[in-house]
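Following: one structure in structure tokens, then a few remarks.
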Amino acid sequence: MNLDSIGDWTRTHYTSQVTPELDSQEVTLFGWVQDVRDLGGIRFIILQDREGTIQLTIPKKRVLPEVLTKSDLLQKRFSFGVKGNVKKTTMTSRGIEVIPAAIKIFNVATEQLPIDITGKTPALIEARLDARPLDLTQEQSLATFKVQHTALEAIRSFLFKKDFLEVHTPRIIASATEGGAELFSVDYFGQKAYLAQSPQLYKEELTLSFERVFEVGPFFRAEESHTRRHLSEFTSIDIEAAFANATDVMALLEQVINHVCTVVKEKCANELTLLKHNLEVPTIPFKRLTYDQVLEDLKQHDVTIPWGEDIPTEAFRVLGEIYPYFYFITDWPTHAKAFYIKPREDKPEVSEGFDLMHSYIELVSGGTRISQKEQLIQRLQEKGLNPESFKCHLQAYDYGMPPHAGWGMGLERLTMILTDNKNIREVTLYPRDRVRLTP
RNA sequence: GCCCAGGUAGUAUAGUUCGGUCUAGUAUGUACGGCUGUCGCCCGUAGGACCCGGGUCCGAAUCCCGGCCUGGGCGCCA
């Protein structure tokens, strides 16, 4: 087939911008064939672009012969352009259609697509991820990532207003930052290095200079997790603030969540409708449960956890039934939290760490940090970590480390909540998990 | 790392219990033909599959063993 060059054509409108008010005006549209319905004497072609779809109507006896010839060739997913006249009509749900005056075909697509993109026989997640570039053209995928984009935009602008600087810390590091979690190792010019699992230590150090910082970026966990809420590579939204404690950053966090939900609900109304999700904007303040209250609630539901133990997923699921929306869990036992979380001064066995939960999923983890060097060293030792390997980090505490607090939020988990997706891979463009490294 | 479930056309599924007209059914997609108002268009025709290897048996999609692959759960966490 002879393909056309784009030549001097320029898009005048996205499909979503074509309205009945443009009746009888000429528009130039670019996009892809989503579907062709040929009734014999009349043919309907659905043009899709990133903003939506529009119907092209071709009455075969009343269009130019070259338009008819070109439209004969069009198949699903061909990329093409059309110049045509907008026509107001009651025959389409959008109240408009476009009668082509010229068609340019830019590229073809394989006849048999690897997944059904019409929604009639939806493919399973595995087949969809194998054909991810194609899968992402589906309206639900587009809607999901538009929500994510909008959420991120809302978070950034909110944090900018609250005086936070956006920073970028290293992804390649010399040693484990938090102990615990497994790290991916990389060869760094013959030296052993690792992919960062979190910006934790760097962002804390930066409170010494920039006071209030945030970072959005990918982090890596070499845990062989096999669930619908874990990825080997995920995007973290991290903040850290000097001269603040857990209470301060929790207040900030609930404002962030409230703001994001408000903005997404307003700007992505169409996307949420498409995703059949009625997003509720949570009211501030969020419910705050102490660890002790959680244990008590669980006991009421015949789940007994000894004080000091971490809460297993099974118990979180029960808790998620009781509190189906956003809620904080505070006052965690110190030894259940990371070494950098500050123990309460009046009750050292309890920490100033907190989690923000949404149903049974942990969305955010944060807390007041330890800012005294001696205490940090002591906590490292209690955790079985060698202070010597944290030498570089510990030096920051020699230069007037301010009291500080912060949190880290999983962007994909947030997107799951905002779009009501049950699988984290749905909200990740190219997910990386235990068994998937491609595409 | 541990546990459970499952691999049937491009996609999604029926059939596996209890082996036998299963010559493997259906939907959708694809190809071809027909149709002037569709919007999950419709009608007709065609082509398209039992994960791999071994075993039991007169006979295996079905039962057994091994392998590979996938989904889900746990632990861990964002």
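Numbered from 1 within each chain, the chains take letters A, B, ... in sequence-line order. Since the model is a prediction, treat every value here as computed from it, not as a measurement.
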Exercise. Is a side-chain donor-acceptor pair under 3.5 Å present for E66(A) with T69(A)?
Worked result: no

Problem set entry | Helical stems, RNA chain B - three or more consecutive Watson-Crick or G-U wobble pairs below 3.5 Å | B:1-7 with B:68-74, B:10-13 with B:25-28, B:30-34 with B:42-46, B:51-55 with B:63-67

Exercise. Hey, is CZ on F210(A) packed in by over 12 heavy atoms from elsewhere, all under 6.0 Å?
Worked result: no

Exercise. Toward the 5' end of RNA chain B, which comes first, I46(A) or S365(A), by nearest nucleotide?
Worked result: I46(A)

Seminar exercise, completed: Whole-Å distance, L113(A) CG to rG29(B) P, equals 12 Å

Exercise. Taking all atoms of both residues into account, what is the closest heavy-atom pair of T334(A) and R379(A), and its distance?
Worked result: O-NH2, 3.2 Å

Exercise. Rounded to whole angstroms, how far apart are CG on D433(A) and C1' on rC69(B)?
Worked result: 14 Å

Problem set entry | Distance, C1' atom - from rG20(B) to rU38(B), rounded to whole angstrom | 48 Å

Exercise. Hey, does the side-chain of S225(A) have a donor or acceptor N/O within less than 3.5 Å of a partner on the base of rC76(B)?
Worked result: yes

For this session: Could you pull out all residues at least two apart from E224(A) that satisfy side chain to side chain contact (heavy atoms under 4.5 Å, CB included)?
Result: R434(A)

For this session: Scan E412(A) against the nucleic acid and name what it touches under 4.0 Å (heavy atoms): base, sugar-phosphate only, or nothing.
Result: nothing

Exercise. Is there a donor and acceptor pair, one atom on the side chain of R229(A) and one on the base of rA78(B), closer than 3.5 Å?
Worked result: no

Seminar exercise, completed: In numerical order, the residues of residues 124-143 of chain A whose heavy atoms come under 4.0 Å of RNA chain B are L124(A), E126(A), A127(A)

Exercise. Within the distance-only criterion (no hydrogens, no angle test), does the side chain of D35(A) pair as donor or acceptor with the backbone N or O of I46(A) below 3.5 angstrom?
Worked result: no

Exercise. Taking atom CD of E314(A) as the centre, does the number of heavy atoms from other residues, nucleotides or ligands within less than 6.0 Å exceed 12?
Worked result: no

Exercise. So, H335(A) versus E382(A): side-chain donor-acceptor pair below 3.5 Å or not?
Worked result: no

Exercise. Using the P atom in both, what is the distance from rC32(B) to rC69(B), to the nearest Å?
Worked result: 39 Å

Exercise. Counting only side-chain N and O atoms of Q75(A), is one of them less than 4.0 Å from OP1 or OP2 of rA31(B)?
Worked result: yes

Exercise. If we take the C1' atom in both rU56(B) and rU62(B), what is their distance in whole Å?
Worked result: 14 Å

Problem set entry | side chain to side chain contact (heavy atoms under 4.5 Å, CB included) against I361(A), all qualifying residues, sequence neighbours excluded | R229(A), R413(A), M416(A)

Seminar exercise, completed: To the nearest angstrom, the CZ-C1' distance between R434(A) and rC74(B) comes to 16 Å

Exercise. When you compare rA9(B) with rC51(B), how far apart are their P atoms, in angstrom units rounded to a whole number?
Worked result: 7 Å

Problem set entry | V435(A) vs K60(A), nearer the 5' end of RNA chain B by closest nucleotide | K60(A)

Exercise. Given rU11(B), rA78(B), rG75(B), which nucleotide is nearest the side-chain atoms of T227(A)?
Worked result: rG75(B)

Problem set entry | Side-chain donor-acceptor contact under 3.5 Å, W307(A) with D292(A) | yes

For this session: Please work out whether the ring planes of F234(A) and F219(A) are parallel, tilted or perpendicular, with thresholds of 30° and 60°.
Result: tilted

Exercise. In whole angstroms, how far is the C1' atom of rA78(B) from the CZ atom of F326(A)?
Worked result: 14 Å

Problem set entry | Nucleotide of rA27(B), rC77(B), rG75(B) approaching T313(A) most closely (side-chain heavy atoms) | rG75(B)

Exercise. Ring-on-base stacking between F44(A) and rG37(B), under 5.5 Å between centres and under 30° between planes: is it there?
Worked result: no

Exercise. So, T235(A) and E412(A): side-chain donor and acceptor under 3.5 Å apart, yes or no?
Worked result: yes

Problem set entry | Euclidean distance for C1', rU16(B) against rG25(B) (whole angstrom) | 15 Å

For this session: Taking all non-hydrogen atoms of both residues into account, name the closest pair between E426(A) and R132(A) and its distance.
Result: O-NH2, 3.4 Å

Exercise. Considering all heavy atoms of both residues, which atom of L356(A) and which atom of I257(A) are nearest to each other, and what is their separation?
Worked result: CD2-CG1, 4.0 Å

Problem set entry | Residue T57(A), side-chain heavy atoms: nucleotide from rG72(B), rG37(B), rA78(B) that is nearest | rG37(B)

For this session: Sticking with atom P, work out how far rG66(B) lies from rC50(B), rounded to a whole angstrom.
Result: 24 Å

For this session: Report yes if at least one side-chain N or O of T118(A) is closer than 4.0 Å to OP1 or OP2 of rG40(B); otherwise report no.
Result: no

For this session: Could you state the atom-to-atom distance from CD1 of I42(A) to P of rC39(B) in whole Å?
Result: 13 Å

For this session: Would you indicate which nucleotide in rU28(B), rG71(B), rC77(B) comes nearest to any side-chain atom of H226(A)?
Result: rG71(B)

For this session: Pick base, sugar-phosphate or nothing for T92(A), based on heavy-atom distances below 4.0 Å to the nucleic acid.
Result: base

Problem set entry | Footprint string (nucleotides 41-47 of chain B, 5' to 3'): B base within contact, S backbone only, - free, heavy atoms under 4.0 Å | B------

Exercise. Looking at rC35(B), does its base get a donor-acceptor pair with the side chain of R43(A) below 3.5 Å?
Worked result: no

Exercise. Any Lys/Arg nitrogen of K146(A) or E153(A) sitting under 4.0 Å from an Asp/Glu carboxylate oxygen of the other?
Worked result: no

Exercise. Ignoring hydrogens and angles, does a donor from either the side chain of T110(A) or the base of rG10(B) sit under 3.5 Å from an acceptor on the other?
Worked result: no

For this session: Grab the CG-P distance between L195(A) and rA78(B) for me, whole Å please.
Result: 17 Å

Exercise. According to a strict under-4.0 Å criterion, is K76(A) in side-chain N/O contact with OP1 or OP2 of rU30(B)?
Worked result: yes

For this session: To the nearest Å, give me how far apart CD (E314(A)) and C1' (rC3(B)) are.
Result: 14 Å

Problem set entry | Rounded distance (Å) that lies between atom P of rC77(B) and atom CE of M416(A) | 18 Å

For this session: Remember a base hit wins even if backbone is also touched, and classify P59(A) as base, sugar-phosphate or nothing at under 4.0 Å, heavy atoms.
Result: nothing

Exercise. Quantified in whole Å, what is the C1' atom distance between nucleotide rG59(B) and nucleotide rG67(B)?
Worked result: 26 Å

Problem set entry | Polar side-chain contact H230(A)-rC76(B) base: donor and acceptor under 3.5 Å | yes

Problem set entry | rU17(B) to rC65(B) separation - P atoms, rounded to the nearest Å | 15 Å

Problem set entry | side-chain N/O N423(A) vs rG71(B) OP1/OP2, d < 4.0 Å | no

Problem set entry | Closest listed nucleotide, where the reference is the side chain of L231(A) and the choices are rC74(B), rG37(B), rA78(B) | rA78(B)

Problem set entry | Short side-chain N/O contact to rG72(B) OP1/OP2 from R425(A), under 4.0 Å | yes

Problem set entry | Which residues share a salt bridge (Lys or Arg N to Asp or Glu O under 4.0 Å) with R50(A), sequence neighbours left out | none

Exercise. When all nucleic acid strands are considered with a 4.0 Å heavy-atom cut-off, which category describes R317(A): base, sugar-phosphate, or nothing?
Worked result: sugar-phosphate

Problem set entry | Aromatic plane relationship, F326(A) with H358(A) - under 30° parallel, 30 to 60° tilted, over 60° perpendicular | perpendicular

